[in-house]
Amino acid sequence: DTAVSQTPKYLVTQMGNDKSIKCEQNLGHDTMYWYKQDSKKFLKIMFSYNNKELIINETVPNRFSPKSPDKAHLNLHINSLELGDSAVYFCASSPGLAGGVAYEQYFGPGTRLTVT
Amino acid sequence: AQSVAQPEDQVNVAEGNPLTVKCTYSVSGNPYLFWYVQYPNRGLQFLLKYITGDNLVKGSYGFEAEFNKSQTSFHLKKPSALVSDSALYFCAVRDRQTGANNLFFGTGTRLTVIP
């Protein structure tokens with residue numbers, strides 16, 4: 001069984017379109033994340049959700065909107081796609097928010113988004 | 001502010017030789033430190049982490065890392081490299097003081113093990 005899954009694996013679309021990426025984890029984790037990896041492999045956190053509540057929202061354009069229908073799912077919706085949005089988007093999960101505990105994160109396989 | 005530096009974009013090592021992938025970090029308080037590996041077209045996989053205690057941490061696939069507070073480093077090591085270790089390696093840090101599990105990643109080091 002796949003621990004953290006994402007769909008689709010590849011997404012090619014035109015500028016101006018709206019698209020969504022879905023993420024599901026079957027690990028029973030409370031916390032889920034979205035990361036963006038650019039063409040130079042730099043990995044940066046975008047959002048963090050804990051028990052369906054937004055915890056972290058880094059400097060991400062408001063065209064990006066995460067939605068967590070339940071704690072096993074965290075979807076990413078992107079409006080008005082731009083060329084610069086082309087990247088690999090990774091979903092991840094961890095048992096909790098951490099506090100004094102150093103939880104490792106479990107990553108999905110990634111979604112390669114290409115905006116033309 | 002938190003940051004991680006991986007000074008080498010690329011490390012090449014012969015199969016069977018020891019390998020080191022370097023990482024230095026900067027946090028305002030005490031760190032939690034992590035190493036992840038990314039194989040081609042795959043997500044990141046957790047290798048090991050430093051929380052507290054023994055400065056030498058052992059992880060998956062024979063990897064280990066040494067926490068050095070005075071040098072603010074957390075270098076990844078393996079005594080004998082395998083061709084299958086060829087991948088992209090990421091160091092990450094989190095400040096203990098923050099409540100969120102917000103990891104800051106380095107820019108990655110591509111390890112190539114030459115047969």
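A note on names: the letters A, B, ... follow the listed sequences, proteins ahead of strands, and every chain is numbered from 1. The structure displayed is predicted, hence computed values, not measured ones.
- At a 4.5 Å heavy-atom cutoff, B:Tyr50 makes no contact with chain A through either its backbone or its side chain.
- Contacts with chain B were tallied for A:Phe107, A:Tyr106, A:Phe90; A:Phe107 has the most, counting heavy-atom pairs under 4.5 Å.
- Neither the backbone nor the side chain of A:Gln6 comes within contact range of chain B, judged by heavy atoms closer than 4.5 Å.
- Side-chain atoms of A:Ser20 and A:Asn75, non-hydrogen and from C-beta on, never get closer than 4.5 Å to each other.
- Taking a 6.0 Å sphere around CG of A:Asp70, one finds it holds more than 12 heavy atoms contributed by other residues, nucleotides or ligands.
- In this structure the side chain of A:Asp18 reaches within 4.5 angstrom of the side chain of A:His77, judged on heavy atoms.
- Residues passing the side chain to side chain donor-acceptor pair (under 3.5 Å) test with A:Ser65, sequence neighbours excluded: none.
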- Task: Could you check B:Lys58 against B:Glu64 for salt bridge (Lys or Arg N to Asp or Glu O under 4.0 Å), going step by step and ending with a plain yes or no?
- Result: CA-CA 4 Å; B:Lys58 293 188 184 295; B:Glu64 57 188 30; 2.9 Å; yes
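- Of the two parts of B:Leu88, only the side chain, counted from C-beta on, holds a non-hydrogen atom closer than 4.5 Å to a non-hydrogen atom of chain A.
- Neither the backbone nor the side chain of B:Phe104 comes within less than 4.5 Å of any heavy atom in chain A.
- A 4.5 Å side-chain heavy-atom check between A:Thr7 and A:Glu24 finds every atom pair outside the cut-off.
- With a threshold of 4.5 angstrom between heavy atoms, B:Gln45 does not approach chain A through any atom at all.
- Neither the backbone nor the side chain of B:Asp9 comes within contact range of chain A, judged by heavy atoms closer than 4.5 Å.
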